[in-house]
Amino acid sequence: MLLEVSGITTGYGPTIVNRGVSLTLGAGEVATILGPNGAGKSTLLRTIAGLVKPRAGTVRFGGSDATGQPPDVMAKRGVVLVPEGRRIFGDMTVEENLRLGAYARRDSAAVDADVTLMENFFPILATKRRDKGGSLSGGQQQMLAIARGLMARPRVLLLDEPSLGLSPLLVKEIQAIILSIGERFGASVLLVEQNAGLALSVATRGYLMQTGQIVTSGPIEELRDMSLMRELYLGGAAVAS
């Protein structure tokens with residue numbers, strides 16, 4: 001497995017958020033973490049990315065221990081987080097935001113080529129290259145945030161709520177982007193997403209979290225039919241594919 005999370009427990013001060021969480025992510029795979037607000041999903045991604053130090057458990061990446069390593073080290077190793085809320089730099093141009101994603105790289109010619117690659121993959125960014133990040137719409141900012149993450153050439157891209165606040169049409173665009181990341185960039189994706197329809201449409205495997213713990217996991221086809229999924233997301237109705 002490319003990424004192995006085993007028995008992770010994390011918290012803030014006296015509050016425990018994740019309790020003995022374990023999951024795996026294979027090369028080229030898209031997996032999703034589902035669950036209600038407050039389940040600990042974002043904290044788990046932040047722990048994997050090195051922004052939160054675990055109190056117990058291990059994170060292994062590429063077969064070696066990566067537990068508690070800082071985010072810059074994790075990014076250099078190939079684990080990159082695209083955080084909830086996009087967190088782009090509003091006073092910097094689109095191109096400057098993209099290049100910031102490659103801050104740890106020293107292959108300047110390849111970085112130049114990747115800026116062009118991102119502008120081809122996200123055509124709207126090419127038309128906005130000189131515009132300030134803060135002037136972009138919510139959907140454009142989300143595309144910029146994903147593109148900035150990909151500029152690091154990650155092996156694992158951690159996506160935290162990429163559809164948050166977006167219209168159904170833009171959610172469809174984000175869906176297509178996630179489905180293309182593995183083929184175009186060779187990265188695996190671990191997705192946290194409140195939009196169950198989006199998550200279930202792009203992932204092949206899922207983990208369902210409640211109160212900081214994984215309560216069930218399995219192939220997406222199995223999760224989609226689980227009564228617990230229907231209860232959490234649609235009040236007993238079937239989850240759309």
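For the atom pair Gln142 CD and Ile146 CD1, the distance stands at 4.5 Å (nearest 0.5 Å). Summarising the geometry, atom CG belonging to Leu2 is positioned 10.5 Å from atom OG1 belonging to Thr24; distances are rounded to the nearest 0.5 Å. In this structure, CZ in Arg87 is found 9.5 Å from CZ in Arg148, a value given to the nearest 0.5 Å. Note that the CD1 atom of Ile220 and the OG1 atom of Thr32 stand 6.5 Å from one another [nearest 0.5 Å]. The line from CD of Gln140 to CG of Asp131 is 8.5 Å long, rounded to the nearest 0.5 Å. Note that CG of Leu136 and CG of Leu125 are 7.5 Å apart. Values are rounded to the nearest 0.5 Å.
When all heavy atoms of Ser22 and Tyr207 are compared, the closest pair comes out as O-CE2, 4.2 Å. Shown here for Gly50 and Pro71, the closest heavy-atom pair between the two residues is O-CD, 3.2 Å. Taking every heavy atom of both residues into account, Ala147 and Leu98 meet most closely at CB-CD2, 3.5 Å. Across Gly133 and Gln141, no two heavy atoms sit closer than the pair O-NE2, 3.3 Å. Between Gly26 and Ser188 the shortest heavy-atom distance is O-OG, 2.8 Å. The two atoms that bring Leu34 and Ala199 nearest to each other are CD2-CB, 3.6 Å, heavy atoms only.
Applying the salt bridge (Lys or Arg N to Asp or Glu O under 4.0 Å) test to pairs two or more places apart or on separate chains, none has a residue in residues 59-77. Within the structure, ring pair (Phe, Tyr, Trp, His ring centres under 6.0 Å) contacts touching residues 119-170 (residues at least two apart or in different chains) are Phe121-Phe185. Identified under the ring pair (Phe, Tyr, Trp, His ring centres under 6.0 Å) test for residues 146-179, with sequence neighbours left out: none. Applying the salt bridge (Lys or Arg N to Asp or Glu O under 4.0 Å) test to every pair with at least one member in residues 200-214, sequence neighbours left out, gives these pairs: Glu29-Arg205. A side-chain hydrogen bond (donor to acceptor under 3.5 Å, both in side chains) check over residues 166-176, counting only residues at least two apart or in different chains, returns the pairs Gln175-Ser201.
Annotation: side chain of Met118 is in contact with side chain of Leu150 (closest heavy-atom distance under 4.5 Å). Asn195 is listed as a side-chain neighbour of Val171, based on a closest heavy-atom distance under 4.5 Å. Counting only heavy atoms from C-beta outward, the side chains of Leu117 and Arg184 approach each other to under 4.5 Å. Put simply, the side chain of Asn97 does not reach to within 4.5 Å of the side chain of Thr93, judged on heavy atoms. Within the 4.5 Å cutoff, side-chain heavy atoms of Ile124 are placed close to those of Met143. Side-chain contact between Leu25 and Leu190 is present, with at least one heavy-atom pair separated by less than 4.5 Å.
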Expected list for residues 153-163: side-chain donor-acceptor pairs under 3.5 angstrom, two or more places apart:
{"from": "Arg153", "atom 1": "NE", "to": "Asp114", "atom 2": "OD2", "distance (Å)": "3.1"}
{"from": "Arg153", "atom 1": "NH2", "to": "Asp114", "atom 2": "OD1", "distance (Å)": "3.0"}
{"from": "Asp160", "atom 1": "OD1", "to": "Ser42", "atom 2": "OG", "distance (Å)": "3.1"}
{"from": "Asp160", "atom 1": "OD2", "to": "Ser42", "atom 2": "OG", "distance (Å)": "2.8"}
{"from": "Glu161", "atom 1": "OE1", "to": "Gln194", "atom 2": "N", "distance (Å)": "2.8"}
{"from": "Ser163", "atom 1": "OG", "to": "Glu193", "atom 2": "OE1", "distance (Å)": "3.3"}
{"from": "Ser163", "atom 1": "OG", "to": "Glu193", "atom 2": "OE2", "distance (Å)": "2.6"}

For residues 3-21, run the donor-acceptor check on the side chains, cut-off 3.5 Å, and write out each pair with its distance to 0.1 Å, sequence neighbours left out.
{"from": "Thr9", "atom 1": "OG1", "to": "Gly20", "atom 2": "N", "distance (Å)": "3.1"}
{"from": "Thr10", "atom 1": "OG1", "to": "Asn18", "atom 2": "OD1", "distance (Å)": "2.7"}
{"from": "Tyr12", "atom 1": "OH", "to": "Thr43", "atom 2": "OG1", "distance (Å)": "3.1"}
{"from": "Asn18", "atom 1": "OD1", "to": "Leu44", "atom 2": "N", "distance (Å)": "3.4"}
{"from": "Asn18", "atom 1": "ND2", "to": "Gly40", "atom 2": "O", "distance (Å)": "2.9"}
{"from": "Arg19", "atom 1": "NH1", "to": "Thr211", "atom 2": "O", "distance (Å)": "3.0"}

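Qualifying salt bridge (charged side-chain N to carboxylate O under 4.0 Å, His left out) partners for Asp112, counting only residues two or more places apart in sequence or in other chains: Arg99. Residues satisfying the salt bridge (charged side-chain N to carboxylate O under 4.0 Å, His left out) test with Glu119, not counting sequence neighbours, are Arg129. Under the salt bridge (charged side-chain N to carboxylate O under 4.0 Å, His left out) criterion, Arg130 pairs with Glu95, not counting sequence neighbours.
Checking side-chain atoms of Lys132 against main-chain N and O of Gly90 turns up no donor-acceptor pair under 3.5 Å. Side-chain N or O atoms of Lys41 include one that pairs as donor or acceptor with a backbone N or O of Gly35 at under 3.5 Å.
Side-chain heavy atoms closer than 4.5 Å link hydrophobic residues (I, L, V, M, F, W, Y) into clusters, and following such links, possibly through other members, connects Leu170 to Leu198. The hydrophobic cluster containing Leu81 does not contain Ile174, counting ILVMFWY residues as joined when their side-chain heavy atoms lie under 4.5 angstrom apart, directly or transitively. When the side chains of ILVMFWY residues are joined at heavy-atom separations under 4.5 Å, either directly or via intervening members, Leu164 and Leu166 end up in two distinct hydrophobic clusters. Transitive grouping of hydrophobic side chains (ILVMFWY, heavy atoms separated by less than 4.5 Å) brings Ile178 and Val80 into a common cluster. By the criterion of side-chain heavy atoms lying less than 4.5 angstrom apart, applied directly or through intervening Ile, Leu, Val, Met, Phe, Trp or Tyr residues, Val115 is grouped together with Val94 in one hydrophobic cluster.
Its side chain outside the 4.5 Å cluster rule for every partner, Tyr103 clusters with none of the Ile, Leu, Val, Met, Phe, Trp and Tyr residues. In the hydrophobic clustering, Leu100 connects to Phe89, Met92, either directly or through intervening members, whenever side-chain heavy atoms lie under 4.5 Å apart.
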